[in-house]
Amino acid sequence: MLKDFFCKGEKTRWLCIMMFFTLGTLIFISYNLNFLRTSSVSTQSYNNMTTSAGSVSTADNSASQYFVAYPHPYRFIIDQPDRCWQESPFLVLMIPVAPHNIKARDVIRNTWGKEAAVLGRVVSHYFLLGLSQEGNGTELFEEHVLEESQRHQDIIQSTFVDSYSNLTIKTMVMFEWLSSHCPNSVYAMKVDSDMFLNVHKLVDMLLKAPRHLYMTGLVARGAAVLRDSTSKWFLPDSVFPESRYPPYALGMGYVFSLDLSKKILGASVHVKAVYIEDVYVGLCMRHLGIALTDPPHDGLFRIQMPYWHSNCFWSSVITTLLADSNQLSDVWEVYQATESGC
Ligand SMILES: *[C@@H]1O[C@H](CO)[C@@H](O)[C@H](O)[C@H]1NC(C)=O
Ligand SMILES: *[C@@H]1O[C@H](CO)[C@@H](O)[C@H](O)[C@H]1NC(C)=O
Ligand SMILES: *[C@@H]1O[C@H](CO)[C@@H](O)[C@H](O)[C@H]1NC(C)=O
């Protein structure tokens, strides 16, 4: 219909086709850049100064809601004190998940969480929980979590309240746990529970990667600070006056060499903890003067699967965001069935 309206007559036909093609390309490009939340993607040089977020006074009450209580001596109330150093995995997968989300944990245990030996390397996973919010924080519920932990030996629970605004605390507690429990491991990945993960492809990449001061994932460079107060990731000028963030790896899935855990914890003493978890890790990295590494090629870490994809897509990516855990079960079947033929 639209084509008929615009494209009557031989003379204009080619012009029309070109126009539709260009329009399509533009839509495609803007769609793909959208995740960086910025219109101009620039590479930024690194510097070693303490971020301005580190120098804001806590007396400023309007700003304090954008900071979280870290560092702070949180405790592990459910733990696996010996498992990681005994098994000495090459790669530890750390999955932040809400306490009530038992379903997501079970799906992961039956899909990529099952991959315990890959290319001759040991891989293990742990779920990271805070205290469940009121309503679910009953003794009965906590007992269920404890039973689940005894059954699967893969749950770690700490004493902060598990909420979206406390995700930075969860991530920092993850670095604490890794640095004190996994002395013999080389890499860890923080990966969200609604992600597809191709562990084979990930280990394959890591076998060729640096083993020290290394962090990779989908690295956002020159991402704009969101100043619209209704945005999910809003930060006011008073908290972070720079207009762009330093490079950071998007929080849904990033990989790092384990020597970084201690370094990032060290930096966190100097960089005030903002509630945006992945940005905060990026601020700590800048403080340390350590650059993030892009993956060896594009498309390994993805924000979403392309609308049109073949069954071999799952063998070609390391990780991508999915709609939910149900989708993970379906996708995993496709991946398993097609992997050897791709
Ligand atoms: C960078 O920051 C670290 C930690 O604060 C400090 O020890 C180091 O001397 C700094 N390096 C430079 C080049 O300023
Ligand atoms: C409590 O748990 C249920 C699932 O068991 C969940 O749907 C609900 O969102 C939870 N409520 C809070 C406040 O976390
Ligand atoms: C975590 O989040 C909840 C609600 O979002 C808040 O009440 C609590 O004080 C936060 N901090 C800690 C350390 O639990």
Side-chain angles (χ1 to χ4, degrees), residues 51 53-80 94-105 126-146 148-149 155-181 190-194 225-236 238-240 248 250-252 261-262 264-284 287 324:
T51 69
S55 55
V56 168
S57 125
T58 25
D60 183 351
N61 279 328
S62 64
S64 63
Q65 60 177 301
Y66 303 101
F67 295 114
V68 298
Y70 196 86
H72 180 88
Y74 300 104
R75 290 174 300 110
F76 295 111
I77 49 171
I78 295 182
D79 197 3
Q80 292 296 326
M94 299 297 286
I95 310 142
V97 58
H100 71 262
N101 207 346
I102 300 161
K103 170 105 198 293
R105 293 195 285 276
Y126 295 89
F127 296 101
L128 199 53
L129 282 56
L131 295 173
S132 71
Q133 298 202 56
E134 13 160 51
N136 284 332
T138 59
E139 262 176 53
L140 186 66
F141 180 77
E142 287 300 329
E143 225 163 88
H144 282 308
V145 176
L146 195 59
E148 186 187 342
S149 152
I155 290 185
I156 292 149
Q157 188 178 31
S158 179
T159 51
F160 59 87
V161 174
D162 200 303
S163 67
Y164 182 79
S165 58
N166 289 343
L167 277 184
T168 295
I169 300 177
K170 200 177 245 197
T171 295
M172 298 314 287
V173 162
M174 168 190 81
F175 286 124
E176 287 180 15
W177 190 85
L178 287 169
S179 71
S180 58
H181 289 66
K190 188 224 136 182
V191 54
D192 284 348
S193 60
D194 49 0
V225 179
L226 298 189
R227 301 299 192 196
D228 171 1
S229 61
T230 62
S231 156
K232 190 181 177 190
W233 293 291
F234 169 66
L235 267 194
S238 59
V239 171
F240 193 78
Y248 66 93
L250 296 197
M252 64 207 181
S261 304
K262 268 206 176 66
I264 290 171
L265 292 172
S268 74
V269 177
H270 305 283
V271 183
K272 244 172 102 61
V274 292
Y275 76 102
I276 310 175
E277 168 267 327
D278 45 8
V279 162
Y280 182 61
V281 174
L283 293 175
C284 290
H287 180 83
D324 53 39

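Just so you know, these numbers use all the heavy atoms, side chains as well, and skip hydrogens, waters and symmetry mates. Order of listing sets the numbers, starting from 1, for every ligand and every atom in it.
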Y248/Y280 aromatic ring centres below 6.0 Å: no

Any side-chain donor near an acceptor of the partner, D228 and S231, under 3.5 Å: no

Nearest-contact summary for atom 14 (O) of ligand 3 - protein heavy atom, Å: V161 N, 2.9 Å

Any side-chain heavy-atom pair of F127 and M94 under 4.5 Å: no

Protein residue, atom and distance nearest to atom 11 (N) of ligand 3, heavy-atom basis: N166 ND2, 3.2 Å

Sub-6.0 Å ring centroid separation between Y70 and H72: no

E277 bridged to K170 by N-O distance under 4.0 Å: no

Sub-4.0 Å protein heavy atom near atom 2 (O) of ligand 3: yes

Close-contact set for ligand 3 against S165 heavy atoms, below 4.0 Å: 2 (O), 5 (O)

Shortest protein contact, atom 4 (C) of ligand 3 (heavy atom only): S163 OG, 3.8 Å

Y74 heavy atom under 4.0 Å from ligand 3: yes

